[in-house]
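Below, each value reflects all heavy atoms present in this structure, side chains not excepted, and no hydrogens, waters or symmetry copies.
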Amino acid sequence: MEPAATEEAEPGTPTAGPGADSGSGAGDPGAEKGASGEGAADAADPAGAAADREDVEGRAAADSAAGEGGTVTDREDTEESPSGAAGESGAGGELSEAEAELAAQRELRERIERRKAEKKAVESGKKLSGTAADLLAAVRAVESGEKPGGSVFSEAESAPRRVAPEPVRRPQPMTSSAAAPVPTEAVDAVRAVLLEGGAPEALAPQVTAALGEGAHGQLREDPWQLLRVAGVRPEQADGFARALLGAECGPGDERRGRAVTVWLLEQAALVGHTALEAPTLSTALAQRAVPDPDAAVQSAIAEGDALVFQDALDEPGTPVTPRESGDEAEEGEQERPVRVLIGLERYALAEESLADGLARVVNSLPKEGGSADDWESAATGSAAELIRAVAGHGLVLHTGGEASRAEPAALVAAARTVGLRVCAATHSVDGRQRFAALLAPAEQQERHKQREPAAEPHETVATVAGLLSGAEGPGRDAEGMLRTDLLVVLDAPQLDVESAAMLAESLPDGARLVLSGDPGVLWSAGPGRVFADLLAARVCPQIASRTPDPGPIGELVSGIGVGELNQVEAPGKEVVIVPVRDAGEAVHRTVQLVADSVPRAFGIPAEQTQVITPGHGGAAGTRALNAALKERLNPGPGRFGGFDPGDRIAYAPAPGRTAPGHVVKADAEGLHLECAGASVVVPKERVEQSVRHGWALTAHQAVGRRWPAAIVVLPGDAAQTLTRPWIYTAFGRAESHLSVVHGVEQALPHTVAEIPAKPRTTRLPTLLKIQVPTAG
């Protein structure tokens, strides 16, 4: 069946789905296909492994950890999302409550760290050899005070690991109401040092916020501390250091090695890793011209900038490591293999706290809510299996597509009828609204015999960000715990390890936790792969929904989820292929679809149509598409930072969250926005880094939302950066109509069949095996 462009066919004309034989429009005699070559640098990976384009979609920093081998490499696209991270979460309440959210996060992190300080570290690592043994011996000797950092590699004495000092954390972008004032004198002092070293003086506020008290002195003593500022690259810090230190500066400087080590771990976190294997980190340091990678890692550990872990491996087929000579061992006894990991403390604490919290939920007796007969009578329909599992277990995982969200809605209604306090949380405001719409009839059906009034929507359904901040949801008790007996988290794949840890720490004893989501979508913008790790660990019941997503779009997306790109029957032109030759044509056809074809053929206005493209850069990235769409849909002089009233925007109130909205006006206060019904004022000095046009988004920014129509742009230069989860996520954002602007030829079916999600290095499965004996 020949693909047809939307604007060239009347409603009802048969169209084809993007099947393997359609490619970029095979059968269209006028369409010669080929990669445009535009933006090729964005797709390149100098280390030979594909760069993670999902993170180029909106992450801050200019470098990434490569996927296949885990080697940290340069990211080519240096102009990232103003939020500093890909992805998004809810707008609405949390936009005006950013200060409360940040305070809640700080309080919870302090509780996590106090809890860790009370735990005794387990002595380990005696059976390692070579560099791994040296590394572990180094950190133990330094932390115990037995040896200075420079002389410990020769000894392998073990000592209990102390809790490292409070790590230096990058400042996170805040809304104007939450931005903490930086002393003018401190900024001026830092500005003077920056000017002396030839660095942009505009970095002064960021450097001051990152380094804290005495920032100018720290920067003069250690110029590589400039790497603490998001977006600064090692070569830039090297130039700054040379200007300040002169002949004293060299690639082997201990300060440089330490700073680059921390920087690489930060870059790894931006693409999802919570830690890096020691050999991977050493290789990356060598690529950054650090002459002695092991010494650099040792120095970072000794200063408390990084932590070292050894995790036992228990994988089938993995060879065991024999005990070292001189160790007493029973005949035939062998040591379990281990891997040595290096990570930043903030993610290590979060991952350990998450494992602790989940183990508490799994191992504790859930709070009784009604009798067994009450639960059984509520277990009806497609949600019966889920309801029964929740009745008898503290932690339950639920998987399925968009249509399966009706099952958690039925669970929420059923749990309320048996007397439990219930709260549900979604990734975005749009998700919250969609789930609340499902919940209303489900509650009415379950409560038709009850005379109690239904719960207020804002109490029952919240966004994750709003729940953690206290702006939404049931609130907290005197001990800081959520006032809920059952927490149902939708869009669970979008949970990063820190958010998940804060949720787990906030659950009272006896509370049940249900994590529900589509395992085929993109993982979280922040570090970790919480939902996927839990599915792999098998520490609790897993309920897979049998409810399919309806219609041609649902059929197409379901096939992609299992690695098949099928042609689908679309009698109502629900799925349309628009073949293009190059990036320029892709932009032209996209504008035509949004402005003319989709509104005319389907009655869907431009403001309800979302364009999704693989990255920000390139000739058909979000920047190019937004510029063309603004010119067509809302032309204007852009007098306020390039924006005019009526512009669609993507506002980033914090890392990893993007709130779509539109510009209302601009005045002396700043840029006035409306995001999901909430009014936001962005000061003029923050507009450039916090707001960008939003007619076109990336898949990470779009995840958690759906629109009546979606136009997915696949320019030829993006072919090498696509993954199956990216395609699955992008295509799944459409409710009624999906147009695919297709320029990647046979790369599309190849991607769906052969390119899964890029791996992430995490510790959660290993930690769960320790905390939960039943972990498989």
Side-chain angles (χ1 to χ4, degrees), residues 57-58 83 86-97 400-406 408-409 412 423-440 457-458 460-469 471-473 488-495 499 516-518 521-522 524-525 549 553-554 557 604-612 648-654 656-662 673-680 692 694-712 728-738:
E57 297 176 340
S83 68
E88 38 72 21
S89 183
E94 81 272 25
L95 296 180
S96 60
E97 300 289 342
E402 181 66 25
S404 73
R405 294 166 78 95
V412 169
C423 180
T426 65
H427 181 56
S428 67
V429 170
D430 177 68
R432 182 187 67 191
Q433 294 168 343
R434 286 186 285 116
F435 190 70
L438 287 173
L439 186 59
H458 73 275
T460 303
V461 189
T463 62
V464 171
L467 183 64
L468 291 174
S469 71
E472 305 172 38
V488 179
V489 180
L490 288 299
D491 307 311
Q494 274 66 66
L495 277 179
S499 296
S516 175
D518 189 339
V521 300
L522 290 168
S524 63
D549 287 339
I553 297 176
V557 173
I604 301 175
E607 57 268 23
Q608 295 181 19
T609 299
Q610 185 60 57
V611 177
I612 302 172
R648 281 178 66 175
I649 56 87
Y651 169 58
R657 302 214 311 272
T658 301
H662 66 273
L673 312 176
E674 183 177 331
C675 300
S679 297
V680 182
R692 66 166 76 237
W695 286 281
L697 300 175
T698 62
H700 253 125
Q701 292 175 314
V703 71
R705 292 190 181 86
R706 301 188 86 203
W707 289 265
I711 299 172
V712 178
Y728 184 93
T729 302
F731 284 18
R733 298 313 93 202
E735 291 180 336
S736 303
H737 173 75
L738 169 67

Hey, is the main chain of [Y] close enough, under 3.5 Å, to the side chain of [X] for a donor-acceptor pair?
| X | Y | result |
| --- | --- | --- |
| E735 | A710 | no |
| S428 | G704 | yes |
| Q608 | P605 | no |
| Q610 | A709 | no |
| R705 | R733 | no |

Show, in sequence, the C-alpha distance, side-chain angles and deciding distance for R434 and E402, and conclude whether the side-chain contact (heavy atoms from CB on, under 4.5 Å) test is met.
CA-CA 10 Å; R434 286 186 285 116; E402 181 66 25; 2.4 Å; yes

Where do [X] and [Y] come nearest, in terms of heavy atoms and distance?
| X | Y | answer |
| --- | --- | --- |
| L738 | I553 | N-CD1, 4.0 Å |
| L467 | A425 | CD2-CB, 4.1 Å |
| S499 | L495 | CB-CD2, 4.3 Å |
| S524 | Q494 | CB-O, 3.4 Å |
| D518 | G401 | OD2-CA, 3.8 Å |
| R432 | V461 | CG-CG1, 3.4 Å |

Among residues at least two apart in sequence or on other chains, which ones pass side chain to side chain donor-acceptor pair (under 3.5 Å) with T729?
none

Of all residues at least two apart in sequence or in a different chain, which pass the side chain to side chain donor-acceptor pair (under 3.5 Å) check with Q433?
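Per chain and number, Q433 pairs via side chain to side chain donor-acceptor pair (under 3.5 Å) with no residue.
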
From [X] [atom1] over to [Y] [atom2], what is the distance, rounded to the nearest 0.5 angstrom?
| X | Y | atom1 | atom2 | answer |
| --- | --- | --- | --- | --- |
| H662 | I649 | NE2 | CD1 | 8.5 Å |
| F435 | L490 | CZ | CG | 4.5 Å |
| L439 | T460 | CG | OG1 | 6.0 Å |

With a 4.0 Å cut-off, would you call R405 and D491 a salt bridge?
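Yes, this pair counts.
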
Going through the checks in order, is the side-chain contact (heavy atoms from CB on, under 4.5 Å) test met by W707 and T609?
CA-CA 6 Å; W707 289 265; T609 299; over 6 Å; no

